[in-house]
Amino acid sequence: MSQLEAKAESLVVPLMQGERVMLDQERCTTLATWATKTAWVNEFIGRPGPDPAPHPLTTSAMRRHLMDHGAPPPHTRVWIAYHQGLYHLDIRAAELQISPTPDPDDPEVYDALFTALTVEKLTMLVWTAETDRVIAPQLPSSYWHPVWPFQSALIWPLQRAVNDLAIDTTLARHAQRHPLPPHERIIQGGPDGRPIARS
C-alpha cells in the first residue's frame with residue numbers, strides 16, 4: 001500500500017493543481033486503485049458514532065483482490081472530473097442498501113458504496129458493489145470520465161468542470177434510480193458533519 005501511495009502521489013499532485021497530464025491505461029489504473037482504497041479506508045474512519053468496530057461494505061476478498069492485483073475488484077467503477085469549487089480536501093460517502101424489486105418486504109437486499117473524493121481540482125467518484133445485480137450509475141461523460149474499467153486515454157484537465165453542488169447531487173440523486181428509496185442511508189456529510197440527504 002505504501003508503494004501505491006507513492007505512485008499515486010506523483011499523479012494526484014499535478015492533477016489537483018490542474019496541470020496538463022496524459023492519463024493512459026497504467027495511470028488510470030493507479031488512480032482508480034488509489035481512489036478505491038481511499039474510499040474503503042473512509043468506511044472505517046468516516047462513520048459517525050461510538051462503534052469501535054464498524055462493519056464495512058467491503059469484504060476481505062475485495063481487499064485481497066486489490067492488494068494482489070493492484071487494481072479494483074469486480075463490480076467497481078471509478079470516474080474522474082475536473083473540479084472548480086470551494087471543496088479543497090473533501091470526502092463524501094453514500095452507503096446504499098438496494099432491493100432489486102419494488103416490494104418493501106422482499107428480503108433480498110444488496111449493498112453498494114458511492115464515494116466522492118475531492119482534492120483541489122481533482123474529484124473522483126468510486127462505486128463499489130457486492131454483486132453485479134446492483135447496476136452502476138450512468139454518469140454524463142462530458143463531466144465524469146470513466147477511468148475504471150479503463151475505456152480510453154484522456155488529457156487532463158477535462159474541458160468541462162463540476163462544482164460542489166454537482167458532486168453533492170450526483171451522490172444524492174443516485175438513489176432515485178432504485179425502487180426502494182427508504183433503504184438509502186447517507187452515512188457521511190461534509191465538514192459540518194451533516195448528511196448529504198436522508199430518506
Side-chain angles (χ1 to χ4, degrees), residues 1-43 45-46 66 69-73 75-94 112-129 135-177 186 188-192 196-197:
M1 291 301 99
S2 62
Q3 292 178 349
L4 173 62
E5 290 290 339
K7 195 174 181 181
E9 182 180 358
S10 65
L11 279 173
V12 171
V13 170
L15 294 175
M16 64 181 273
Q17 295 173 346
E19 298 177 12
R20 184 178 174 85
V21 178
M22 165 65 81
L23 293 174
D24 57 13
Q25 184 170 1
E26 180 181 356
R27 289 175 172 173
C28 284
T29 300
T30 297
L31 280 174
T33 305
W34 173 80
T36 302
K37 184 271 305 176
T38 303
W40 291 354
V41 170
N42 184 65
E43 275 202 281
I45 65 175
L66 186 143
H69 298 275
H75 321 312
T76 301
R77 300 289 182 270
V78 182
W79 298 263
I80 192 172
Y82 183 58
H83 170 249
Q84 291 183 332
L86 298 178
Y87 296 158
H88 295 292
L89 180 60
D90 188 82
I91 299 180
R92 293 164 187 266
L113 180 68
F114 205 15
T115 306
L117 313 169
T118 300
V119 185
E120 298 292 343
K121 296 181 179 180
L122 168 66
T123 294
M124 301 189 75
L125 289 178
V126 180
W127 168 268
T128 301
I135 300 173
Q138 299 296 315
L139 303 179
S141 59
S142 56
Y143 294 95
W144 302 101
H145 189 91
V147 294
W148 185 265
F150 178 79
Q151 295 184 10
S152 62
L154 67 144
I155 300 293
W156 183 267
L158 301 178
Q159 300 255 332
R160 303 179 75 176
V162 298
N163 58 22
D164 301 338
L165 180 61
I167 295 170
D168 291 349
T169 55
T170 297
L171 287 179
R173 286 190 310 175
H174 171 70
Q176 296 175 5
R177 301 186 318 105
I186 301 298
Q188 180 179 338
D192 58 4
I196 298 170

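Glu120 places none of its side-chain heavy atoms less than 4.5 Å from the side chain of Leu15. Using a 4.5 Å heavy-atom threshold, the side chains of Trp40 and Thr128 count as touching. Considering only heavy atoms from C-beta on, Trp79 comes within 4.5 Å of Trp127 through its side chain. Between Leu31 and Val78, the closest side-chain pair of non-hydrogen atoms is not below 4.5 Å. Under the 4.5 Å side-chain criterion, counting only non-hydrogen atoms from C-beta, Thr170 is not in contact with Val162. Counting heavy atoms from C-beta on, the side chains of Tyr87 and Asp168 come closer than 4.5 Å. The closest side-chain heavy-atom distance from Met124 to Val147 is below 4.5 Å.
With rounding to the nearest 0.5 angstrom, the NE2 atom of His145 is 10.5 Å from the CD1 atom of Ile155. The CD atom of Gln17 sits 11.5 Å away from the CG atom of Leu122 when rounded to the nearest 0.5 Å. With rounding to the nearest 0.5 angstrom, the CD1 atom of Ile167 is 5.0 Å from the CH2 atom of Trp144. For the atom pair CG (Leu125) and CG (Leu171), the distance works out to 6.5 Å, reported to the nearest 0.5 Å. Atom CZ of Arg77 sits about 10.0 Å away from atom CH2 of Trp148, to the nearest 0.5 Å. Note: Glu9 CD to Met16 CE = 10.0 Å, rounded to the nearest 0.5 Å.
When the side chain to side chain contact (heavy atoms under 4.5 Å, CB included) test is applied to Thr33, the partners found at least two apart in sequence or on another chain are Leu4, Thr29, Leu66, Ala71, Pro72. For Pro157, the side chain to side chain contact (heavy atoms under 4.5 Å, CB included) partners two or more places apart in sequence, or in a different chain, are Tyr82. Taking the ring pair (Phe, Tyr, Trp, His ring centres under 6.0 Å) definition, one finds that His88 meets it with nothing, sequence neighbours left out.
Across every non-hydrogen atom of Met22 and Arg27, the tightest pair is O-NH1, 2.7 Å. Considering every non-hydrogen atom in both Lys121 and Trp156, the closest pair reads O-CZ2, 3.4 Å. Minimum heavy-atom separation, Trp34 to Glu5: NE1-OE1, 3.3 Å. The shortest heavy-atom contact between Cys28 and Leu154 is SG-CD2, 4.2 Å.
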Practice problem: Check the pair Leu117 / Asn42 against side-chain contact (heavy atoms from CB on, under 4.5 Å), numbers first and verdict last. | Solution: CA-CA 10 Å; Leu117 313 169; Asn42 184 65; 5.8 Å; no

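Surrounding CG of Leu86 are at most 12 heavy atoms belonging to other residues, nucleotides or ligands under 6.0 Å away.
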